[in-house]
Amino acid sequence: MEFGPHFFLASLEGAVNAAVLALMAVGLSIVFGIMRVVNVAHGEFFMLGAVIAWWISTLAGGHPAVGFLFALIAAPLIVGAIAAAADHFVLRRINYDPERTIVATIGLLYVLQQTTLMTFGPEARPVEAPFNKRLALPWFEKTADGFSMYWPWGLSTTSYKLAVIAAAVIILIGLWLFMTRSRIGLIMRATQLDREMALAHGIPVDKVYALVFGLGAGIAALAAVLIVPIQQAHYLMGHDPLLLSFIVVIIGGLGSIPGTIVAAIFIGMSDGIISVFFSPTVAKIIATLLVAFVLIFRPQGLFGKRSA
Amino acid sequence: MLELNNIESGYGDVQVLFGVSLNVQPGEILCLLGRNGAGKTTLLKSIMGLLPLKSGAIHFNGTALHTLPAHNIAKQGIAYVPQGRRLFSELTVAQNIEVGLMVQGRSNQTRERVLDLFPRLRERLKQRAETLSGGEQQMLAMARALSTEPRVLLLDEPTEGLQPSMVALIDEVTLKMRSEGVAIVLVEHHLDTVLNIADRVAFIENGRNPETVSAYDLSRTPEKVMQYLGVN
């Protein structure tokens with residue numbers, strides 16, 4: 001394939017990456033922004049979402065769309081509930097102390113991962129996409145009489161991949177409206193800005209924290225349900241998305257949702273493109289290097305605020 | 001009304017208050033006077049449930065406030081204007097007031113009433129709190145607290161660092177609240193203000209309350225101010 005169509009194909013793969021990564025990282029960012037908790041177990045909530053999606057889709061039977069639709073609703077709710085329980089039984093007990101929550105969520109990571117290994121097993125399991133039409137894509141070439149369109153061999157995507165991108169955009173817009181327009185969003189932002197004053201104004205901060213931790217995990221699970229027809233469910237699948245989400249959140253600025261989304265698009269796209277042209281390892285090396293530079297030259301991230 | 005009984009409180013292992021007893025009645029301004037670090041802010045935070053009591057009790061019209069979780073204190077009708085304003089900086093003026101209104105589920109009527117007290121805020125409803133001037137921020141902190149329609153108002157240095165016209169406005173609103181029967185606990189450093197608007201003055205020294213006197217008596221015995229504050 002020539003460079004042009006090849007690059008276009010890589011960008012499409014990158015866009016799918018970016019869409020899922022944006023969801024994942026926004027979940028991490030909300031939890032850090034509001035609760036000041038660095039949730040190392042975030043990748044495991046993603047993994048749980050995928051595994052539960054597999055479980056539901058095998059239970060449901062019938063047309064793959066039925067199981068998938070169930071999973072899309074149930075998996076985020078189940079994972080959100082597990083996270084809210086973890087908040088209640090673990091994080092609250094250690095008073096959301098920054099250092100101890102890191103250790104606690106590392107523990108949570110292993111508990112979730114090993115429990116999944118013991119019950120679900122070590123195999124990677126596929127989930128069938130609800131629809132998966134192959135779409136050939138056109139490209140343009142310059143000929144003697146101007147531009148003409150042709151269909152290069154191998155340049156194609158699937159309707160499902162495009163749907164993942166669209167779904168991520170819709171979910172992110174919905175989340176933004178929820179945070180900025182709804183009453184619960186207002187309560188969450190007030191808690192983020194000044195926890196003590198939120199308490200003094202009747203906001204039950206404990207409940208807000210449980211909700212936020214559940215919401216962050218639920219978004220990760222939702223991202224996983226969207227990607228699992230492309231990637232397969234596996235008990236170790238949480239590692240890479242966790243690493244990339246941390247990279248994204250640091251580059252974007254901790255706790256800044258617009259920054260997180262911009263960084264997710266940038267990192268997701270470049271990860272996809274570099275993976276296609278070079279190798280996934282080179283892509284990770286470059287992303288990690290970028291984080292190092294951000295930490296040295298702009299520690300608050302691209303969109304973050306310097307703490308006073 | 002609001003009654004503090006022998007309360008002991010502080011930050012973690014550091015005890016700040018050692019058996020303070022006070023009370024404040026409806027339509028009364030009780031001023032807390034004492035040096036920096038004497039425990040005035042700690043006292044207000046303890047009332048709000050933001051610091052746990054080590055011992056003692058706080059009752060408000062028969063309800064034991066010290067047994068309630070912190071987020072339920074405001075719902076009892078107690079509002080807090082903290083030192084340094086502590087606004088929700090990235091929220092707009094309207095949203096800050098909205099947070100106050102949510103405490104008791106108050107309506108538009110309360111909102112209008114509060115905005116009538118501070119017409120300047122009405123012009124700035126869509127502006128982010130952090131972009132307001134110092135005086136406007138203080139107005140907003142007051143407005144946010146008054147949106148809860150409190151029966152007790154805790155004010156921690158509300159006029160600190162403000163220009164005289166702003167100080168006058170804040171004092172005016174404080175007096176208006178008193179005339180409406182709100183019980184007010186005021187931490188204030190300006191002695192003139194204290195003598196002008198307070199009904200009683202509670203001295204706080206090293207986490208204790210050695211004496212509470214009426215403002216009238218204090219104006220006749222200025223040596224007490226020298227004794228507790230070290231100033232004339």
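Numbers restart at 1 for each chain; the letters A, B, ... are given by sequence-line order, proteins then strands.
The local environment of CZ in F266(A) is sparse, with at most 12 non-hydrogen atoms from other residues, nucleotides or ligands closer than 6.0 Å. Applying the 6.0 Å contact sphere to NZ of K75(B) captures more than 12 heavy atoms from other residues, nucleotides or ligands. When the shell of 6.0 Å around CZ of R120(B) is examined, it contains 12 or fewer heavy atoms from other residues, nucleotides or ligands. Residue Q109(B) qualifies as open at atom CD: its count of foreign heavy atoms under 6.0 Å is 12 or below. Other residues, nucleotides and ligands place more than 12 heavy atoms under 6.0 Å from the CG atom of L177(A). Applying the 6.0 Å contact sphere to CZ of F178(A) captures more than 12 heavy atoms from other residues, nucleotides or ligands. Residue F293(A) qualifies as open at atom CZ: its count of foreign heavy atoms under 6.0 Å is 12 or below.
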Derivation of the side-chain contact (heavy atoms from CB on, under 4.5 Å) call for H71(B) and V205(A): CA-CA 8 Å; H71(B) 69 266; V205(A) 169; over 6 Å; no
For H201(A) and M102(B): C-alpha separation, side-chain torsions, deciding distance, then whether side-chain contact (heavy atoms from CB on, under 4.5 Å) applies. CA-CA 8 Å; H201(A) 287 86; M102(B) 277 193 287; over 6 Å; no
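For the options L50(B), N96(B), V103(B), heavy-atom pairs under 4.5 Å to chain A are most numerous at L50(B). With chain B as partner, the option from I187(A), T180(A), L199(A) having the largest number of non-hydrogen pairs under 4.5 angstrom is L199(A). Contact count against chain B (heavy-atom pairs under 4.5 Å) is highest for E196(A) among R189(A), Q192(A), E196(A), R183(A).
There is no contact between Q76(B) and chain A, counting heavy-atom distances below 4.5 Å. Both the backbone and the side chain of L91(B) come within contact range of chain A, judged by heavy atoms closer than 4.5 Å.
Across all their heavy atoms, G202(A) and A74(B) have their closest contact at N-CB, 3.8 Å. In terms of heavy atoms, P82(B) sits closest to M197(A) at CG-SD, 3.5 Å. Taking each heavy atom of A200(A) and Y80(B) in turn, the nearest pair found is CB-CD2, 4.2 Å.
Screening L193(A), T191(A), I203(A) for a side-chain contact (heavy atoms from CB on, under 4.5 Å) involving V99(B) leaves a single residue, I203(A).
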